[in-house]
Amino acid sequence: MRTPGTTMLPMLRILLGSQQTGLILVILLLGAVLSVFAGYHVDRTTGELVNNFLNSRTLMQTATDASFFVIMAVGATMVIISGGIDLSVGSIYALSGVMTAMVLRSMAPEAPFAVVALAVVTCVSLGVLCGLLNGLMVVGLRVHPFIVTLGTMWVFRGVAFVASEAESILVPQPLTDAIKLSFGSDALYPMPMIIMLLITAAGAVYLSRTVMGRHVFAVGGNVEAGRYAGLRIDRILVGVYVISGLTAGIAALVGSSYYGSASCADATGYELYVIASAVVGGASLRGGRGSAVNAMLGAMLIVLIRQSIRTLHLDQNYEWVVIGCAIIVAVVLDQVNRRLTARRLAGADRSVTV
(Lines give C-alpha, C1' and ligand atoms only; values in the text may rest on other atoms or scores of the structure.)
Protein backbone atom coordinates (compact mmCIF):
# COMPACT_ATOMS: atom_id res chain seq x y z
CA MET A 1 0.00 0.00 0.00
CA ARG A 2 1.40 3.41 -0.96
CA THR A 3 1.73 6.10 1.63
CA PRO A 4 0.81 9.73 0.79
CA GLY A 5 4.51 10.66 0.92
CA THR A 6 5.53 8.14 -1.72
CA THR A 7 2.83 9.33 -4.15
CA MET A 8 3.45 13.04 -3.60
CA LEU A 9 7.20 12.86 -4.22
CA PRO A 10 7.01 11.66 -7.86
CA MET A 11 4.25 14.19 -8.54
CA LEU A 12 6.42 16.95 -7.08
CA ARG A 13 9.36 15.85 -9.22
CA ILE A 14 7.20 15.85 -12.35
CA LEU A 15 5.80 19.28 -11.49
CA LEU A 16 9.21 20.81 -10.81
CA GLY A 17 10.71 19.15 -13.88
CA SER A 18 8.01 20.20 -16.34
CA GLN A 19 8.73 22.82 -18.96
CA GLN A 20 5.65 24.83 -18.03
CA THR A 21 6.85 25.11 -14.43
CA GLY A 22 10.25 26.29 -15.66
CA LEU A 23 8.70 28.96 -17.88
CA ILE A 24 6.43 30.17 -15.09
CA LEU A 25 9.40 30.38 -12.69
CA VAL A 26 11.44 32.36 -15.24
CA ILE A 27 8.50 34.75 -15.82
CA LEU A 28 8.02 35.24 -12.08
CA LEU A 29 11.77 35.73 -11.54
CA LEU A 30 11.97 38.31 -14.32
CA GLY A 31 8.89 40.05 -12.94
CA ALA A 32 10.46 40.14 -9.47
CA VAL A 33 13.70 41.61 -10.85
CA LEU A 34 11.72 44.25 -12.73
CA SER A 35 9.71 45.12 -9.63
CA VAL A 36 12.94 45.73 -7.68
CA PHE A 37 14.84 47.73 -10.30
CA ALA A 38 11.99 49.54 -12.11
CA GLY A 39 11.77 52.37 -9.59
CA TYR A 40 8.73 54.38 -8.54
CA HIS A 41 6.65 57.34 -9.67
CA VAL A 42 3.91 59.46 -8.12
CA ASP A 43 0.42 58.74 -9.46
CA ARG A 44 -1.12 62.02 -10.62
CA THR A 45 -4.68 61.08 -9.65
CA THR A 46 -4.09 59.50 -6.24
CA GLY A 47 -0.78 61.10 -5.25
CA GLU A 48 0.52 57.70 -4.12
CA LEU A 49 3.96 56.25 -4.82
CA VAL A 50 3.56 53.52 -7.47
CA ASN A 51 6.06 50.93 -8.69
CA ASN A 52 6.86 51.53 -12.39
CA PHE A 53 6.29 47.86 -13.24
CA LEU A 54 4.23 46.30 -10.45
CA ASN A 55 1.01 48.24 -10.98
CA SER A 56 -2.27 47.19 -12.53
CA ARG A 57 -2.01 49.48 -15.56
CA THR A 58 1.45 48.27 -16.66
CA LEU A 59 0.66 44.62 -15.97
CA MET A 60 -2.58 44.80 -17.96
CA GLN A 61 -0.85 46.58 -20.84
CA THR A 62 1.92 43.95 -20.87
CA ALA A 63 -0.67 41.15 -20.93
CA THR A 64 -2.59 42.95 -23.70
CA ASP A 65 0.57 43.28 -25.81
CA ALA A 66 1.23 39.58 -25.28
CA SER A 67 -2.30 38.59 -26.29
CA PHE A 68 -1.77 39.43 -30.00
CA PHE A 69 1.39 37.29 -30.12
CA VAL A 70 -0.21 34.47 -28.16
CA ILE A 71 -3.25 34.21 -30.45
CA MET A 72 -0.97 33.90 -33.49
CA ALA A 73 1.55 31.69 -31.68
CA VAL A 74 -1.09 29.04 -30.91
CA GLY A 75 -1.76 28.51 -34.62
CA ALA A 76 1.89 28.84 -35.64
CA THR A 77 2.86 26.26 -33.00
CA MET A 78 0.63 23.68 -34.71
CA VAL A 79 2.48 24.32 -37.97
CA ILE A 80 5.82 23.86 -36.19
CA ILE A 81 4.60 20.66 -34.50
CA SER A 82 3.72 19.30 -37.95
CA GLY A 83 7.31 19.94 -39.06
CA GLY A 84 6.61 23.12 -41.04
CA ILE A 85 6.96 26.84 -40.48
CA ASP A 86 4.78 29.84 -41.29
CA LEU A 87 6.63 33.10 -41.95
CA SER A 88 3.53 34.84 -43.32
CA VAL A 89 1.49 35.27 -40.13
CA GLY A 90 2.48 38.94 -39.72
CA SER A 91 1.51 39.71 -43.31
CA ILE A 92 -1.79 37.82 -42.92
CA TYR A 93 -2.43 39.99 -39.87
CA ALA A 94 -1.81 43.18 -41.89
CA LEU A 95 -3.82 42.06 -44.93
CA SER A 96 -6.78 40.86 -42.87
CA GLY A 97 -6.87 44.06 -40.83
CA VAL A 98 -6.57 46.40 -43.81
CA MET A 99 -9.10 44.59 -45.99
CA THR A 100 -11.60 44.33 -43.13
CA ALA A 101 -11.32 48.06 -42.43
CA MET A 102 -11.81 48.80 -46.14
CA VAL A 103 -14.87 46.53 -46.36
CA LEU A 104 -16.40 48.18 -43.30
CA ARG A 105 -15.71 51.63 -44.74
CA SER A 106 -17.22 50.81 -48.14
CA MET A 107 -20.32 49.02 -46.83
CA ALA A 108 -20.79 51.36 -43.88
CA PRO A 109 -23.15 49.23 -41.78
CA GLU A 110 -24.93 51.35 -39.17
CA ALA A 111 -26.02 48.90 -36.49
CA PRO A 112 -23.20 48.06 -34.03
CA PHE A 113 -24.03 44.36 -34.20
CA ALA A 114 -23.78 44.44 -38.01
CA VAL A 115 -20.37 46.16 -37.81
CA VAL A 116 -18.98 43.55 -35.42
CA ALA A 117 -20.50 40.60 -37.34
CA LEU A 118 -19.21 41.85 -40.70
CA ALA A 119 -15.74 42.48 -39.25
CA VAL A 120 -15.55 39.01 -37.69
CA VAL A 121 -16.67 37.25 -40.88
CA THR A 122 -14.35 39.28 -43.13
CA CYS A 123 -11.24 39.12 -40.96
CA VAL A 124 -11.57 35.43 -40.12
CA SER A 125 -12.40 34.49 -43.72
CA LEU A 126 -9.36 36.33 -45.06
CA GLY A 127 -7.12 34.66 -42.51
CA VAL A 128 -8.48 31.22 -43.38
CA LEU A 129 -8.15 31.94 -47.11
CA CYS A 130 -4.50 32.97 -46.74
CA GLY A 131 -3.76 29.91 -44.61
CA LEU A 132 -5.51 27.66 -47.13
CA LEU A 133 -3.39 29.15 -49.92
CA ASN A 134 -0.23 28.47 -47.91
CA GLY A 135 -1.26 24.90 -47.17
CA LEU A 136 -2.27 24.08 -50.73
CA MET A 137 1.04 25.40 -52.10
CA VAL A 138 3.10 23.54 -49.50
CA VAL A 139 1.29 20.29 -50.29
CA GLY A 140 0.72 20.79 -54.01
CA LEU A 141 4.07 22.25 -55.05
CA ARG A 142 6.11 20.03 -52.70
CA VAL A 143 8.23 23.06 -51.86
CA HIS A 144 9.65 23.59 -48.38
CA PRO A 145 7.24 25.63 -46.21
CA PHE A 146 10.01 28.14 -45.48
CA ILE A 147 10.17 29.09 -49.18
CA VAL A 148 6.40 29.09 -49.72
CA THR A 149 5.57 31.22 -46.69
CA LEU A 150 8.56 33.51 -47.33
CA GLY A 151 7.03 34.26 -50.73
CA THR A 152 3.49 34.70 -49.45
CA MET A 153 4.81 36.90 -46.66
CA TRP A 154 5.82 39.45 -49.28
CA VAL A 155 2.75 38.83 -51.44
CA PHE A 156 0.23 39.36 -48.63
CA ARG A 157 2.08 42.42 -47.35
CA GLY A 158 2.30 43.82 -50.89
CA VAL A 159 -1.43 43.35 -51.50
CA ALA A 160 -2.13 45.19 -48.26
CA PHE A 161 0.14 48.06 -49.41
CA VAL A 162 -1.54 48.27 -52.83
CA ALA A 163 -5.10 48.01 -51.49
CA SER A 164 -4.64 50.65 -48.80
CA GLU A 165 -2.27 52.85 -50.83
CA ALA A 166 0.02 52.74 -47.78
CA GLU A 167 -2.50 54.66 -45.69
CA SER A 168 -3.79 53.85 -42.24
CA ILE A 169 -7.53 53.11 -42.21
CA LEU A 170 -9.70 53.79 -39.17
CA VAL A 171 -12.01 51.04 -37.98
CA PRO A 172 -15.59 51.97 -36.98
CA GLN A 173 -16.18 53.00 -33.39
CA PRO A 174 -18.59 50.10 -32.55
CA LEU A 175 -15.78 47.63 -33.29
CA THR A 176 -13.37 49.50 -31.04
CA ASP A 177 -16.01 49.71 -28.32
CA ALA A 178 -16.64 45.97 -28.54
CA ILE A 179 -13.00 45.04 -27.98
CA LYS A 180 -12.50 47.75 -25.35
CA LEU A 181 -15.42 46.56 -23.30
CA SER A 182 -14.62 47.76 -19.80
CA PHE A 183 -15.42 45.85 -16.64
CA GLY A 184 -15.36 48.67 -14.14
CA SER A 185 -12.25 50.65 -15.10
CA ASP A 186 -11.91 53.18 -17.91
CA ALA A 187 -8.34 52.20 -18.73
CA LEU A 188 -8.23 48.41 -18.33
CA TYR A 189 -9.66 46.42 -21.21
CA PRO A 190 -9.53 42.68 -20.58
CA MET A 191 -11.22 41.52 -23.81
CA PRO A 192 -7.94 40.79 -25.72
CA MET A 193 -6.75 38.67 -22.80
CA ILE A 194 -10.07 36.82 -22.59
CA ILE A 195 -9.86 36.00 -26.30
CA MET A 196 -6.21 34.98 -25.82
CA LEU A 197 -7.15 32.53 -23.05
CA LEU A 198 -10.04 31.11 -25.09
CA ILE A 199 -7.80 30.56 -28.14
CA THR A 200 -5.09 28.97 -25.98
CA ALA A 201 -7.63 26.66 -24.31
CA ALA A 202 -9.10 25.70 -27.68
CA GLY A 203 -5.60 24.99 -29.05
CA ALA A 204 -4.67 22.91 -26.02
CA VAL A 205 -7.85 20.84 -26.26
CA TYR A 206 -7.40 20.39 -30.02
CA LEU A 207 -3.81 19.14 -29.67
CA SER A 208 -4.29 16.92 -26.63
CA ARG A 209 -7.89 15.72 -26.82
CA THR A 210 -8.76 15.30 -30.48
CA VAL A 211 -7.75 12.72 -33.06
CA MET A 212 -6.71 15.45 -35.50
CA GLY A 213 -4.43 16.93 -32.85
CA ARG A 214 -2.75 13.58 -32.28
CA HIS A 215 -2.28 13.23 -36.02
CA VAL A 216 -0.46 16.59 -36.14
CA PHE A 217 2.10 15.26 -33.63
CA ALA A 218 2.37 12.00 -35.55
CA VAL A 219 3.07 13.77 -38.84
CA GLY A 220 5.66 16.04 -37.22
CA GLY A 221 7.34 13.15 -35.42
CA ASN A 222 7.74 10.93 -38.47
CA VAL A 223 5.89 11.77 -41.65
CA GLU A 224 6.77 8.50 -43.38
CA ALA A 225 5.53 6.45 -40.43
CA GLY A 226 2.34 8.48 -40.49
CA ARG A 227 1.94 7.81 -44.20
CA TYR A 228 2.35 4.05 -43.66
CA ALA A 229 -0.16 4.27 -40.81
CA GLY A 230 -2.73 5.54 -43.26
CA LEU A 231 -2.88 9.16 -42.10
CA ARG A 232 -4.07 11.72 -44.62
CA ILE A 233 -0.85 13.70 -44.52
CA ASP A 234 -1.82 16.34 -47.08
CA ARG A 235 -5.13 17.09 -45.39
CA ILE A 236 -3.44 17.39 -41.98
CA LEU A 237 -0.76 19.75 -43.33
CA VAL A 238 -3.30 21.96 -45.09
CA GLY A 239 -5.35 21.97 -41.89
CA VAL A 240 -2.54 23.33 -39.69
CA TYR A 241 -1.82 26.17 -42.14
CA VAL A 242 -5.53 27.01 -42.22
CA ILE A 243 -5.53 27.15 -38.41
CA SER A 244 -2.42 29.36 -38.49
CA GLY A 245 -4.15 31.73 -40.92
CA LEU A 246 -7.30 31.66 -38.80
CA THR A 247 -5.47 32.69 -35.63
CA ALA A 248 -3.60 35.43 -37.53
CA GLY A 249 -6.98 36.74 -38.76
CA ILE A 250 -8.41 36.69 -35.23
CA ALA A 251 -5.31 38.51 -33.93
CA ALA A 252 -5.78 41.12 -36.67
CA LEU A 253 -9.41 41.59 -35.67
CA VAL A 254 -8.49 42.03 -32.01
CA GLY A 255 -5.43 44.21 -32.69
CA SER A 256 -7.04 46.53 -35.25
CA SER A 257 -10.10 46.96 -33.03
CA TYR A 258 -7.98 47.64 -29.95
CA TYR A 259 -5.77 50.26 -31.64
CA GLY A 260 -8.65 51.73 -33.68
CA SER A 261 -6.98 51.49 -37.09
CA ALA A 262 -5.42 49.10 -39.57
CA SER A 263 -2.30 49.70 -41.63
CA CYS A 264 -0.31 47.74 -44.17
CA ALA A 265 2.71 48.15 -41.88
CA ASP A 266 0.95 46.49 -38.94
CA ALA A 267 2.57 43.40 -37.40
CA THR A 268 5.86 43.93 -39.23
CA GLY A 269 8.30 41.44 -37.74
CA TYR A 270 5.58 39.67 -35.75
CA GLU A 271 6.42 36.38 -37.48
CA LEU A 272 9.76 36.37 -35.66
CA TYR A 273 8.13 37.04 -32.30
CA VAL A 274 5.55 34.32 -32.96
CA ILE A 275 8.16 31.73 -33.94
CA ALA A 276 10.31 32.80 -30.99
CA SER A 277 7.32 32.36 -28.66
CA ALA A 278 6.70 28.84 -29.93
CA VAL A 279 10.39 27.86 -29.74
CA VAL A 280 10.98 29.39 -26.31
CA GLY A 281 7.79 27.60 -25.26
CA GLY A 282 9.40 24.28 -26.16
CA ALA A 283 8.15 23.61 -29.70
CA SER A 284 10.76 21.72 -31.69
CA LEU A 285 11.65 23.10 -35.12
CA ARG A 286 12.10 19.47 -36.19
CA GLY A 287 8.44 18.84 -35.47
CA GLY A 288 6.65 16.43 -33.20
CA ARG A 289 6.71 18.51 -30.07
CA GLY A 290 4.98 21.65 -28.82
CA SER A 291 2.14 22.95 -26.72
CA ALA A 292 -0.43 25.73 -26.96
CA VAL A 293 -0.07 26.57 -23.27
CA ASN A 294 3.73 26.66 -23.55
CA ALA A 295 3.42 28.94 -26.59
CA MET A 296 1.36 31.32 -24.45
CA LEU A 297 4.00 31.26 -21.72
CA GLY A 298 6.76 31.73 -24.31
CA ALA A 299 4.98 34.76 -25.77
CA MET A 300 4.53 36.25 -22.31
CA LEU A 301 8.24 35.77 -21.62
CA ILE A 302 9.18 37.47 -24.91
CA VAL A 303 6.87 40.42 -24.19
CA LEU A 304 8.19 40.64 -20.64
CA ILE A 305 11.75 40.86 -22.01
CA ARG A 306 10.63 43.73 -24.27
CA GLN A 307 8.89 45.38 -21.33
CA SER A 308 11.95 45.03 -19.10
CA ILE A 309 14.15 46.81 -21.63
CA ARG A 310 11.69 49.70 -21.81
CA THR A 311 11.06 49.86 -18.08
CA LEU A 312 14.77 49.84 -17.22
CA HIS A 313 15.40 52.48 -19.92
CA LEU A 314 17.93 50.32 -21.75
CA ASP A 315 18.83 50.75 -25.40
CA GLN A 316 15.93 49.13 -27.29
CA ASN A 317 18.35 47.73 -29.85
CA TYR A 318 19.29 45.18 -27.18
CA GLU A 319 15.77 43.76 -27.52
CA TRP A 320 16.75 41.90 -30.67
CA VAL A 321 19.98 40.65 -29.08
CA VAL A 322 18.21 39.30 -26.01
CA ILE A 323 15.39 37.65 -27.97
CA GLY A 324 17.90 36.13 -30.40
CA CYS A 325 19.90 34.71 -27.49
CA ALA A 326 16.68 33.32 -25.97
CA ILE A 327 15.91 31.49 -29.23
CA ILE A 328 19.44 30.05 -29.43
CA VAL A 329 19.30 28.89 -25.81
CA ALA A 330 15.89 27.28 -26.40
CA VAL A 331 17.13 25.42 -29.49
CA VAL A 332 20.32 24.27 -27.73
CA LEU A 333 18.30 23.01 -24.77
CA ASP A 334 16.03 21.15 -27.20
CA GLN A 335 19.07 19.49 -28.79
CA VAL A 336 20.51 18.52 -25.42
CA ASN A 337 17.15 17.13 -24.31
CA ARG A 338 16.86 15.04 -27.48
CA ARG A 339 20.35 13.58 -27.02
CA LEU A 340 19.74 12.77 -23.36
CA THR A 341 16.42 11.13 -24.25
CA ALA A 342 18.08 9.09 -27.01
CA ARG A 343 20.83 7.95 -24.62
CA ARG A 344 18.29 7.05 -21.94
CA LEU A 345 16.24 5.00 -24.40
CA ALA A 346 19.38 3.30 -25.71
CA GLY A 347 20.39 2.45 -22.14
CA ALA A 348 16.93 1.04 -21.45
CA ASP A 349 17.14 -1.12 -24.58
CA ARG A 350 20.54 -2.52 -23.54
CA SER A 351 19.26 -3.37 -20.05
CA VAL A 352 16.26 -5.21 -21.55
CA THR A 353 18.56 -7.15 -23.92
CA VAL A 354 20.88 -8.16 -21.07
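Predicted model, so just to flag it, every value in this text is computed and none were measured.
Of all the heavy atoms in A283 and T77, the pair that sits closest is CB-CG2, 4.3 Å. A pairwise comparison of heavy atoms in S35 and N51 identifies O-ND2, 2.8 Å as the closest pair. When all heavy atoms of A114 and P109 are compared, the pair lying nearest together is CB-CB, 4.0 Å. Nearest heavy-atom pair across V116 and P174 is CG2-O, 4.2 Å. Across every non-hydrogen atom of A101 and I169, the tightest pair is CB-CG2, 3.6 Å. For the pair I233 and V223, the tightest heavy-atom approach, listed with the atom from each and the gap, is CG2-CG2, 3.8 Å.
Here ring pair (Phe, Tyr, Trp, His ring centres under 6.0 Å) pairs that include residues 190-211, with residues two or more places apart or in two chains, number zero. Residue pairs meeting the ring pair (Phe, Tyr, Trp, His ring centres under 6.0 Å) criterion with at least one member in residues 107-126, sequence neighbours excluded, do not occur.
Cation-pi geometry between R306 and Y273 is met: the NZ or CZ atom falls under 6.0 Å from the ring centre, inside 45° of the normal.
Both I275 and W154 sit in one connected hydrophobic cluster of ILVMFWY residues. Membership requires side-chain heavy atoms under 4.5 Å apart, directly or through other members. When hydrophobic clusters are built by joining Ile, Leu, Val, Met, Phe, Trp and Tyr residues whose side-chain heavy atoms come closer than 4.5 Å, directly or via intermediates, V143 is grouped together with L136. Cluster membership check: I199 does not share its hydrophobic cluster with V205, using side-chain heavy-atom separations under 4.5 Å among Ile, Leu, Val, Met, Phe, Trp and Tyr.
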Open item on the list: Between V280 and I302, does the side-chain contact (heavy atoms from CB on, under 4.5 Å) criterion hold? Intermediate values first, please.
Closed with: CA-CA 8 Å; V280 171; I302 295 290; 4.2 Å; yes
Open item on the list: Go through it in stages, so that I can follow the logic: the residues are Y189 and I179, the test is side-chain contact (heavy atoms from CB on, under 4.5 Å), and I'd like the CA-CA distance, side-chain angles, deciding distance and then a yes or no.
Closed with: CA-CA 8 Å; Y189 309 114; I179 210 68; over 6 Å; no
- [ ] Quick one: do C130 and T152 satisfy side-chain contact (heavy atoms from CB on, under 4.5 Å)? Show the steps, please.
- [x] CA-CA 9 Å; C130 293; T152 55; over 6 Å; no
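Each of T64, D65, T58 was compared with Q61 under the side-chain hydrogen bond (donor to acceptor under 3.5 Å, both in side chains) criterion, and only D65 meets it. Paired with F156 under the rule side-chain contact (heavy atoms from CB on, under 4.5 Å), one option of T149, V89, N134, L126 passes, and it is N134. Paired with I71 under the rule side-chain contact (heavy atoms from CB on, under 4.5 Å), one option of I195, L253, T200, L246 passes, and it is I195.
Put simply, the side chain of S91 gets close to the backbone of M153: a donor and an acceptor are under 3.5 Å apart. No side-chain donor-acceptor contact under 3.5 Å links S96 to the backbone of Y93.
Ring pair F68/Y259: centre-to-centre distance below 6.0 Å.
Looking at R157 and D266, no side-chain N of the basic residue comes within less than 4.0 Å of a carboxylate O on the acidic one, giving no salt bridge.
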